[in-house]
Amino acid sequence: MHFIEWYPLGYGVAFKVTGRLYETQTKYQRLEIYQTEGFGKLLVLDGTVQLVELGENSYHEPLVHPVMLSHPNPRRVLVIGGGDGGTLREVLKHESVEKATMVEIDDGVVEASLLYLDVAKDLLERLIKKEEPRAELIIGDGVEYMRNSKEKFDVIIVDSTDPVGPAKLLFSEDFYRDAYNALGERGLYVTQAGSVYLFTNELLDAYRNMKKVFDRVYYFSFPVIGYASPWSFLVGVKGDIDFTRVDLERAKGLDLTYYDPERHETLFQMPRYVRELIEKEE
Ligand code: AG3
């Protein structure tokens, strides 16, 4: 038995699986959990791979740590999406964090992750019981939350589904403007932005929209296990922060496997044609 995610142009990513452990239609999406042969359990939303247990860090580390280590003192963090808890788990590894808020639209994802996935079970349980002193979980619409938020954040992390379909609003100029306003005097915004090769146009659209709003925008990519890699990420900067530099002292306690802060500059390595397309947008 196998599970295949089909991308555009007939490109597929597949796992051999020994069975499907769970399937449900939540209020927002079709959720499935499979047991893979070699990568632990696999979480799928609307047919797209969200994570495999043995490999999820190849996504969560580059999403979270580059911005956290580049910001001089990230104390307040907002996570949009990320209902499996992996992103918040990485955020809380940073001792500077006083308060992290996670806004997930689909409590079905939280519930299934709590029951089936070895990603951030204990954290999700503490969040639900409101026993996590440094973090809170809000089940709600991230777009609305961002529009109405009175709080200011140092870092905003968007761990959403792809820049196509339901999550598309999270890649719009209006949303970026609300995010910019929700950052303090200086802050960093990061979002996953799809496959470099297969969603290049969506990536360029998002880049263009971010350029209209943020003071500076960076693009980086990382090979993520389970996705059509390399996978792209976009960073928006507000105020005086240099995203090409990270604090190596603070990186020491993080126990990283994939993202290498001592080689931070390699994040910006990219296929030549993509660099050229992005530079045309400058
Ligand atoms: N967030 C989804 C990343 C997008 C995956 N896209 C795809 N496979 N087509 C991952 C959630 C992990 N916290």
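Values in this document were obtained by computation on a predicted structure and should not be read as measured data. One-based numbering, in listed order, for ligands and for the atoms of each.
The pair K129-E125 meets the salt-bridge criterion, since a charged nitrogen lies less than 4.0 angstrom from a carboxylate oxygen. Of the charged side-chain nitrogens involved, none lies within less than 4.0 Å of a carboxylate oxygen, so that E144 and R147 do not count as a salt-bridged pair.
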Residues 98-105 side chain polar contacts: donor-acceptor under 3.5 Å, at least two apart:
{"from": "K99", "atom 1": "NZ", "to": "E136", "atom 2": "OE2", "distance (Å)": "3.2"}
{"from": "E104", "atom 1": "OE1", "to": "G83", "atom 2": "N", "distance (Å)": "2.8"}
{"from": "E104", "atom 1": "OE2", "to": "D106", "atom 2": "N", "distance (Å)": "2.9"}

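Pairs of residues two or more places apart, or lying in two chains, never qualify as ring pair (Phe, Tyr, Trp, His ring centres under 6.0 Å) while including a residue from residues 139-170.
In this structure, CG in L137 is found 9.0 Å from CG in L123, a value given to the nearest 0.5 Å.
Contact shell of ligand 1 (protein heavy atoms, cutoff 4.0 Å): E5, Y7, T48, V49, Q50, Y59, H60, D84, D159, S160, D162, Q192, Y227, W231.
Applying the side-chain contact (heavy atoms from CB on, under 4.5 Å) criterion to N73, with sequence neighbours excluded, gives R75, S96.
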